[in-house]
Asks: 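I have a structure here, written as structure tokens, and I will follow up with some questions on it.
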Amino acid sequence: MAKFWTLLKKEIRDILSPQTIIPIVIIVVLFLVMGSFMSGIIEEAGGPTEGAEVTAKNTIAIIDIEKTESSNYFIEAFKSIGYNILIPNTNDPAEAYNIHKNEFEVLMVLPEGFGDILSGKGEESAVIDIYSDIKSFSLMTMIGGMAINEIVNSISSSISQSLIRENLVPGAPDFAFLYNPISTVEYTRVNDKIEQVPGMFVVNMVSSQTVFIPLVIFVIIIFSANTLAASVTGEKADKTLETLLTTPVKRINILIAKIVGASLISIAYAVVFMLSMGGMMGGMGEFDVSDTVNMTEIMENLGISFNATAYIVLGISLFLSIIIGLAFAILTGILAEDLKKLNGLIMPMMILLMVPYLISMFVDINTLPMAFRIIMYIIPFTHTFTAVGNLFTSNFLLLGIGLGYQLIFLIFSVIFVTRIFGSDKIFTLKVNFGMKKKSKEVKE
């Protein structure tokens with residue numbers, strides 16, 4: 001039993017090394033920071049806070065056709081919650097968005113006859129048109145739109161209770177009107193185009209087509225990087241790399257062969273993973289709005305469709321990210337002294353992939369504070385995760401800058417790795433967290 005405990009202690013000491021502990025600590029701290037940050041984002045999306053700075057997100061534009069007591073009650077209800085109210089000098093929603101560019105995202109139109117609600121003269125529900133300007137397809141976009149609808153339903157419920165109390169007498173208006181005095185018709189604005197469809201439908205439609213893209217990107221890069229880094233580290237530890245590099249084959253050809261081989265294997269893994277996930281999601285059922293509206297036609301009218309251009313742009317960005325990841329993997333494989341140390345050294349790249357992947361799922365990176373936005377865009381993988389969103393929202397400038405930055409980053413990365421791989425530094429470069437300590441013990 002004593003020998004078992006001795007072996008157990010040895011294994012624990014080997015596992016709890018700096019190269020395994022440090023990445024775990026970094027991940028814990030990272031997720032705590034992200035959790036705090038995301039909590040603030042979700043709270044902001046759910047509605048305005050008292051004393052908050054006036055922004056497009058907490059501003060609602062209201063076109064009041066009749067300007068009655070009922071409409072004023074409705075407007076004051078939103079003001080009491082904390083929303084900033086903007087009254088456009090036009091009754092045309094499209095023109096209001098053009099006049100007040102980036103001053104608001106949600107616009108409501110209070111129709112004629114809205115004043116009959118509180119007076120009890122109406123016989124049909126007052127239909128409020130709600131327009132949502134979608135600039136991204138993140139989960140926060142859906143939360144913000146749902147918050148507005150919940151407030152309208154709450155106001156309608158309050159008016160309903162008042163009307164029911166006052167009209168439970170013979171000859172009172174139809175009960176359906178009393179129960180639901182306000183109803184809504186939702187419109188969505190994307191790329192300066194407006195269609196009568198709830199914004200949630202558009203976001204869900206895009207998500208159903210793109211949900212696998214971030215996962216596939218993540219899987220391809222992680223698998224290819226791990227495969228290639230393990231190959232280089234294993235050959236270096238077994239001393240077979242030295243023999244390989246002394247053969248009459250150009251080192252650049254060896255490097256290219258490793259990159260292409262790792263890419264092909266990882267793409268095969270990604271295809272299997274994607275098909276498996278697709279089967280699972282298909283079994284769970286998909287979001288279906290075909291019975292309500294013709295979403296295919298509406299998406300095309302809004303300029304949102306997965307055409308050849310979308311696939312080409314995404315393919316180019318994905319290719320750049322893969323090669324950047326492989327360049328990083330080769331450098332990591334060279335620096336790692338053995339496979340055990342490789343896991344710790346490759347963790348930084350996993351973090352650089354994980355952070356933009358998670359954040360881009362929940363929020364639009366373009367809406368983050370400037371300092372945080374700059375940090376995110378310095379990471380080359382971020383531009384691949386945001387490529388589809390930028391393409392669908394016609395943010396071509398940012399899309400082009402992202403592709404250009406990835407290309408420049410790739411060129412410098414490949415040049416740097418190629419020079420190391422073609423020199424003797426490939427045998428001397430290494431990271432050994434415990435080297436100084438071990439050297440000191442040997443001297444003693």
Side-chain angles (χ1 to χ4, degrees), residues 19-20 22-24 26-27 30 214-237 241 251-252 254-267 269-270 316-360 375-387 402-423 425-433:
Q19 59 265 31
T20 57
I22 293 176
I24 294 176
I26 293 175
I27 289 178
L30 181 64
L215 286 174
V216 171
I217 293 170
F218 192 85
V219 168
I220 289 178
I221 297 176
I222 289 297
F223 268 103
S224 57
N226 272 292
T227 303
L228 185 55
S231 173
V232 175
T233 300
E235 290 179 349
K236 187 178 178 182
L241 185 60
R251 292 191 178 187
I252 187 65
I254 298 174
L255 180 62
I256 294 175
K258 287 182 175 295
I259 292 176
V260 173
S263 300
L264 292 176
I265 294 174
S266 299
I267 289 174
Y269 275 120
I316 292 173
S317 183
L318 177 57
F319 173 77
L320 295 174
S321 286
I322 290 174
I323 304 302
I324 291 172
L326 293 179
F328 185 92
I330 292 174
L331 180 61
T332 304
I334 293 172
L335 293 175
E337 195 172 11
D338 52 48
L339 292 175
K340 185 182 294 185
K341 293 181 175 63
L342 175 63
N343 295 328
L345 290 175
I346 207 168
M347 187 62 67
M349 191 186 73
M350 295 184 66
I351 294 174
L352 291 178
L353 271 169
M354 191 181 304
V355 172
Y357 166 61
L358 293 175
I359 291 181
S360 62
I375 294 174
M376 291 299 300
Y377 281 132
I378 288 176
I379 303 174
F381 306 116
T382 300
H383 302 281
T384 300
F385 291 123
T386 59
L403 291 174
Y405 173 74
Q406 283 185 302
L407 180 59
I408 295 172
F409 196 99
L410 170 64
I411 292 172
F412 280 98
S413 299
V414 171
I415 291 175
F416 180 73
V417 172
T418 302
R419 287 185 176 181
I420 292 178
F421 201 85
S423 67
K425 290 183 179 179
I426 191 173
F427 302 113
T428 57
L429 284 177
K430 61 181 178 179
V431 174
N432 189 349
F433 294 93

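The residues of the chain are indexed from 1 along the displayed sequence.
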Asks: To the closest 0.5 Å, what do you measure between OH (Tyr357) and CD1 (Ile379)?
Replies: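 One finds 15.5 Å between OH of Tyr357 and CD1 of Ile379.
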
Asks: Roughly how far, to the nearest 0.5 Å, is CG of Leu326 from OG of Ser413?
Replies: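 Separation between the atoms: 11.0 Å.
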
Asks: State which residues pass side-chain contact (heavy atoms from CB on, under 4.5 Å) with Leu410; sequence neighbours excluded, sorted by chain then number.
Replies: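 With neighbours one apart ignored, the set is Leu320, Ile323, Ile324, Val414.
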
Asks: State which residues pass side-chain contact (heavy atoms from CB on, under 4.5 Å) with Ile252; sequence neighbours excluded, sorted by chain then number.
Replies: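 Applying side-chain contact (heavy atoms from CB on, under 4.5 Å) to Ile252 gives Lys250, Leu255, Ile256, Thr418.
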
Asks: Step by step, work out the side-chain contact (heavy atoms from CB on, under 4.5 Å) result for Ile411 and Ile408.
Replies: CA-CA 5 Å; Ile411 292 172; Ile408 295 172; 5.6 Å; no

Asks: Using modelled atom types and a 3.5 Å cut-off, is there a donor and acceptor pairing between side-chain atoms of Tyr405 and backbone atoms of Pro380?
Replies: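 Flag not set: sc Tyr405 to bb Pro380 has no pair under 3.5 Å.
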
Asks: Begin with the C-alpha distance, continue with both residues' side-chain angles, and end with the deciding distance and a verdict on side-chain contact (heavy atoms from CB on, under 4.5 Å) for Leu407 and Leu403.
Replies: CA-CA 6 Å; Leu407 180 59; Leu403 291 174; over 6 Å; no

Asks: Please enumerate all residues that pass ring pair (Phe, Tyr, Trp, His ring centres under 6.0 Å) together with Tyr377, with sequence neighbours excluded.
Replies: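 Scan of Tyr377 (ring pair (Phe, Tyr, Trp, His ring centres under 6.0 Å), adjacent residues dropped) gives His383.
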
Asks: Could you work out, with side chain to side chain donor-acceptor pair (under 3.5 Å) as the rule, every residue matching Ser321, not counting sequence neighbours?
Replies: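 Result, side chain to side chain donor-acceptor pair (under 3.5 Å) vs Ser321: Thr384, Gln406.
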
Asks: Rounded to the nearest 0.5 Å, how far apart are CZ of Phe381 and CG of Leu318?
Replies: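 Here the rounded value is 11.0 Å.
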
Asks: Could you pull out the closest heavy-atom pair between Met376 and Ile359, with the gap in Å?
Replies: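 Residues Met376 and Ile359, closest heavy atoms: SD-CD1, 3.9 Å.
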
